[in-house]
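Naming convention: chains lettered A, B, ... in sequence-line order (proteins, then strands); numbering from 1 in each chain. Quick note: numbers below take in every heavy atom, side chains included, and nothing from hydrogens, waters or symmetry partners.
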2 protein chains.
Amino acid sequence: MPRAVEADRLMNMTFNRFKKEASITEEELCREFFNEHCRLIKVKNEKIAVKNLALIIKTTIRLSNEIGFYSMSMRDLSRETGLSMGALYSYFPGKGRLLDMIHHLGGKTVMRVLQTYIEKEESPAEKLETAVRAHLYLSEIMKDMFYFFYMETKNLNKKNRKTPVASELLTERVFIDILKEGVKKGIFKIDDILLTGSVIKAMLQDWYLKRWKYRKRRINVEKYAGFVIRFINKNIIKELK
Amino acid sequence: MPRAVEADRLMNMTFNRFKKEASITEEELCREFFNEHCRLIKVKNEKIAVKNLALIIKTTIRLSNEIGFYSMSMRDLSRETGLSMGALYSYFPGKGRLLDMIHHLGGKTVMRVLQTYIEKEESPAEKLETAVRAHLYLSEIMKDMFYFFYMETKNLNKKNRKTPVASELLTERVFIDILKEGVKKGIFKIDDILLTGSVIKAMLQDWYLKRWKYRKRRINVEKYAGFVIRFINKNIIKELK
DNA sequence: AAAAAAAGAACGAACGTTCGCTATATTTTT
DNA sequence: AAAAATATAGCGAACGTTCGTTCTTTTTTT
């Protein structure tokens, strides 16, 4: 069916379109961060707070991804942000809490974006493709943050440590629900839905966990997305006999 | 072809058989460790050294997987092993070097086992299945060490940091070479060999990176191996028309 | 008795955090 | 409108703690 394939290709959400539509700006996220934690942030001026929070969060993620959150000292953060030790502690209650707060922000953002895009689609096949693309594109835009999330989970305090575990399962659940719906409607044929959901998640994570590898091989996110979707579809789409 | 499938199933390497055959004992690995680094180890009695090295390495991996290698202090290690601070420093030159030494040991072991098992097989299809199973079974036996490798890579010193990156690519190459051979012999039909190798690696890694998830769902390593192999095969085995 | 191994007190460096201070912006009073 | 008072942001030295490591002493083995 070359015509149908062609139509599909035209309808594919491109990375650039997603980037424009989603328009997840650093500033907007930091404003949300500020409003949510203003009780813990000593700086009251929103304009100043948002500016410096953006600087602090960006620098924390960068340094953590280079040497690990635990290895990054507050003096490192002070030097790299240009803010003094005292000033830093006006923006968060302590090093550990800073980590928790960034995690909280990221988790919420991912789920919000994912849900928004899935709701737009009708059929399970379209939902699945959209979910895969939205997840990959979002992780491409926020690649440092995604890597940071994955690698620094164990450094969270016990209360918040459950969140990313739950978040891992939550993202996976989105895919499992789509798969279930597809099976129910007779569109998908899947042996093991749970395991299928797991390996989909694994393939999505590989994109941001092995960035250096894919960059080196000049594989862009759209190519990867297309490959993953075809790879999945071969295993779940009912064959027409 | 129910008969062929049945034959295949009988020939599948089981986890228990692998465990017996490979017989990777903690003690044997530590003896290798001792002989390789005896220049840096002050304790000369092999029996004592191997016993305590096993204790030190096991405890280091356990504590690192719980709280991270950097968060684990030498006092933690002293308390948990029951060895004094002074005694610890008779077994390795320093905390950083201990990490390097464990990584070195693990990397060598993985490649050795993988190569041994692949050499036994003839056809690419069998090689692929064996490689997948050997990798998964090995990571099941040494699950803590595999998790440790992945999570503590960035804490290695710069000289040794290249090793795990190279090791990631090295393991992947094993699979890519099998895929290439299969295509050449006309057994496999693959669009993108490099990307196929990548997602195979991603699925294998998921097994030891998300141990808690699979344990909770009561999915054992053999079931996972079977699923992964079928998932891959649907994408690479030439269809008979 | 000599050698090897283990012990644990001690050391300086570096850690996260605090706190008194200065500088600047905003509000209130005159 | 000018002056005084207050509030806020930023600073960096200093604190107590904990870190990796060393070194002398004690115990165990040969």
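Using a 4.0 Å heavy-atom distance criterion, B:Ser73 is classed as a sugar-phosphate-only contact.
Of the candidate nucleotides D:dG10, D:dG12, D:dA9, D:dA9 has the atom nearest to the side chain of A:Lys44.
Counted by atom type alone, B:Glu21 and B:Tyr117 present one or more donor-acceptor pairs between their side chains at under 3.5 Å. Using a 3.5 Å distance cut-off with no hydrogens or angles, the side chains of B:Tyr214 and B:Asn220 do not pair a donor with an acceptor. Looking at B:Arg217 and A:Ser198, their side chains do bring a donor and an acceptor atom within 3.5 Å of each other. Under the 3.5 Å distance criterion, with hydrogens and angles disregarded, a donor-acceptor pair is assigned to the side chains of A:Gln205 and B:Lys210. Between the side chains of A:Glu152 and A:His103, no donor-acceptor pair is found at a separation under 3.5 Å.
Comparing A:Pro93 and A:Asp76 by the nucleotide of DNA chain C that holds the closest heavy atom to each, the one mapping nearer the 5' end is A:Asp76. Toward the 5′ end of DNA chain D lies the nearest nucleotide of A:Arg75, the other residue of the pair A:Tyr70 and A:Arg75 mapping further downstream. Residue B:Tyr89 is the one, among B:Ile48 and B:Tyr89, whose nearest nucleotide of DNA chain D lies closer to the 5' end (criterion: closest heavy atom).
Taking atom NZ on B:Lys95 and atom P on D:dT22, their separation rounds to 15 Å, with Å as the unit. Computed from coordinates, the B:Met74 CE to D:dT18 C1' distance equals 14 Å when rounded to whole Å. Rounded to an integer number of Å, the gap from B:Met85 CE to D:dC19 P is 9 Å. At whole-Å resolution of the value, OH in A:Tyr91 and P in D:dT8 are 13 Å apart. If you take CG of A:Leu53 and P of D:dA9, they are 12 Å apart, rounded to a whole angstrom. Atom P of nucleotide D:dA9 and atom CG of A:Asn45 are separated by 6 Å, given to the nearest angstrom. Here D:dG10 presents its P atom at 13 Å from CZ of A:Phe92, a figure rounded to the nearest Å. B:Ile67 places its CD1 atom 13 Å from the C1' atom of D:dT18, with the value rounded to the nearest Å.
When DNA chain C is scanned 5' to 3' for any atom under 4.0 Å from a heavy atom of chain A, the first and last hits are C:dC15 to C:dC19.
Here A:Glu80 pairs with A:Arg62 in a salt bridge; the nearest charged N to carboxylate O distance falls below 4.0 Å. Taking the charged nitrogens against the carboxylate oxygens, A:Glu32 and A:Arg112 do have a contact shorter than 4.0 Å, which makes a salt bridge.
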